[in-house]
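Here the structure is a predicted model, which is why all the values come from computation and not from measurement.
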2 protein chains.
Amino acid sequence: MSLPHAILTALLEKPSSGLELTRRFDRSIGYFWSATHQQIYRELGKLEKAGFIRALPTDSPTRGQRKEYEVLVPGREELGRWVGEQEEPRALRDPLMLRLRAAGVVGVGADLVEELRRHRALHAARLAEYREFQRRDAARGHGTERDRVQGLVLRGGIDLELFWVTWLDGAIADLTGPGPEGDSVP
Amino acid sequence: MSLPHAILTALLEKPSSGLELTRRFDRSIGYFWSATHQQIYRELGKLEKAGFIRALPTDSPTRGQRKEYEVLVPGREELGRWVGEQEEPRALRDPLMLRLRAAGVVGVGADLVEELRRHRALHAARLAEYREFQRRDAARGHGTERDRVQGLVLRGGIDLELFWVTWLDGAIADLTGPGPEGDSVP
DNA sequence: TAGTCCATGTAATCAGTTACATGATTCG
DNA sequence: CGAATCATGTAACTGATTACATGGACTA
């Protein structure tokens with residue numbers, strides 16, 4: 001049950017409408033908790049009914065009209081409670097590793113190596129993006145706890161992408177270089 | 001749609017019953033693709049109906065009686081096809097990072113730091129376990145492609161756990177050491 | 001006025017989790 | 001025989017994804 005708390009966090013950082021939230025879930029927050037607009041609107045409805053957030057009063061009708069939400073006191077309390085909770089680390093689910101392992105029994109093809117290269121490029125791009133965020137953030141101060149914590153999370157993102165790029169480089173080298181395999185890279 | 005292919009891979013590596021599969025999904029395979037026994041039995045049923053696997057013939061009744069499955073030719077073909085597929089990297093969903101970011105707005109408490117320490121210990125334990133696998137595998141040869149690929153995946157697991165341990169150490173140091181915070185670590 | 005974009009939503013489906021049910025075997 | 005364990009399954013629910021619907025505002 002993390003999505004509602006992700007939304008509460010986002011709204012505390014800055015009150016927003018559903019679409020703005022969706023965009024923010026494509027950027028910063030989405031880098032470690034993704035969500036689609038359908039999920040977000042549904043969850044906003046639930047959070048409002050629960051009394052955790054409210055739509056800022058407006059005169060216009062509801063549909064097709066921008067609705068800005070802010071967090072109410074019970075919402076902030078709920079988030080504080082949740083932050084103190086324990087939770088087991090997620091069991092990993094990574095299709096690429098699975099694919100590799102499957103290739104171990106049915107044979108590694110050139111298209112799999114191509115797929116590894118593609119992922120390598122995607123992770124490298126994201127890594128560059130994160131480093132750009134970091135560079136930009138370094139300019140502004142990081143005196144508050146909030147800044148320090150966001151810096152920490154960003155570092156986590158960077159190190160994680162670094163892991164992927166490094167590991168994928170190793171995997172590609174291993175599958176194309178030595179051994180009896182001479183396939184791919186024509 | 002990775003679970004069926006995870007099962008096909010597992011069954012190709014070694015024909016098994018549902019419960020054996022469940023155990024294997026708690027060990028090696030489960031380290032990058034987890035599944036519960038309910039999922040596995042359900043999926044075995046579907047795979048059998050699709051003609052990808054079959055239960056080894058037996059005389060005894062069905063319920064409460066061990067049923068061993070093996071992969072049929074169409075199943076192996078399907079897996080080969082799937083290995084060649086493209087798929088976007090999964091959008092990350094990590095509650096711990098989210099919790100940290102939430103703590104950035106509602107305040108970092110001692111219990112959160114405790115939770116980081118707990119996760120650090122869990123990841124360190126898994127890291128040690130993986131390294132033990134690696135040590136054991138090194139003894140046996142790794143001549144075949146299958147061995148090489150499994151070694152690759154294991155290295156991925158190790159590097160990933162290493163990332164967590166390192167990052168968590170940094171985070172704990174950052175939150176307890178400098179700055180205006182003096183909480184926790186009594 | 002037709003098209004495009006902004007914005008909010010509904011419906012159907014699928015994957016994964018939790019809780020529970022049932023039968024067979026073994027061992028004291 | 002009763003309890004524990006091995007083994008296979010059902011049912012209900014929750015969370016996430018995909019596809020589609022609706023309406024307002026601007027603009028060529």
**B/Trp82 six-ring centre to A/Arg99 NZ/CZ under 6.0 Å and within 45° of normal** = yes
**Residue A/Leu19, side-chain atoms from C-beta onward, closest of C/dC6, D/dA7, D/dA16** = C/dC6
**Options D/dA7, D/dG9, C/dT17, nucleotide nearest the side-chain atoms of B/Lys67** = D/dG9
**Prompt:** Once you round it to whole Å, what is the distance between P of C/dT17 and CD of A/Glu88?
**Reply:** 14 Å
**Asked** Closest to the B/Arg23 side chain: C/dG9, D/dG15, D/dA7?
**Response** D/dA7
**Candidate nucleotides C/dA7, D/dA7, D/dT10, ranked by approach to the side chain of A/Arg66 - the nearest** = C/dA7
**Item:** Spacing between A/Ile40 atom CD1 and D/dA16 atom P, to the nearest angstrom
**Value:** 12 Å
**Request:** Side chain of B/Gln38 only, please: which of C/dA7, C/dC20, D/dT18 is the nearest?
**Result:** C/dC20
**Request:** Give a yes/no on whether any side-chain N or O of B/Gln39 is located under 4.0 angstrom from OP1 or OP2 of C/dA15.
**Result:** no
**Message:** Let me confirm one number: the CZ-CG distance from A/Arg118 to A/Leu168, rounded to the nearest 0.5 Å.
**Reply:** 11.5 Å
**Item:** A/Arg93 side chain vs B/Ser34 backbone, donor-acceptor pair below 3.5 Å
**Value:** yes
**Asked** Choosing from D/dT8, D/dC20, C/dT18, which nucleotide comes nearest the side chain of A/His37?
**Response** D/dC20
**Request:** Find the distance A/Met1:CE to C/dT17:P and express it as a whole number of Å.
**Result:** 16 Å
**Asked** Can you tell me if B/Glu129 and B/Gln134 form a side-chain donor-acceptor pair at under 3.5 Å?
**Response** no
**Asked** Could you give the CD-to-C1' distance, from B/Glu87 to C/dA15, as a whole number of Å?
**Response** 13 Å
**Item:** Nucleotide nearest A/Tyr69 when distance is taken to its side chain, options C/dG9, D/dT17, D/dT8
**Value:** C/dG9
**Asked** Choosing from C/dC6, C/dT18, C/dG16, which nucleotide comes nearest the side chain of A/Arg93?
**Response** C/dG16
**Message:** I need the CZ-C1' distance between B/Phe25 and C/dG16, as an integer number of Å.
**Reply:** 13 Å
**Item:** Between A/Glu88 and B/His119: side-chain donor-acceptor atoms closer than 3.5 Å
**Value:** no
**Item:** Interatomic distance, A/Glu43 CD vs D/dT14 P [rounded to whole Å]
**Value:** 13 Å
**Prompt:** Which listed nucleotide (D/dA16, D/dT8, D/dT18) is nearest to the side chain of A/Arg42?
**Reply:** D/dA16
**Asked** Which whole-number value in Å describes the distance from B/Tyr41 OH to C/dT17 C1'?
**Response** 17 Å
**Request:** Send over the distance from A/Leu21 CG to C/dT8 P, rounded to a whole Å.
**Result:** 9 Å
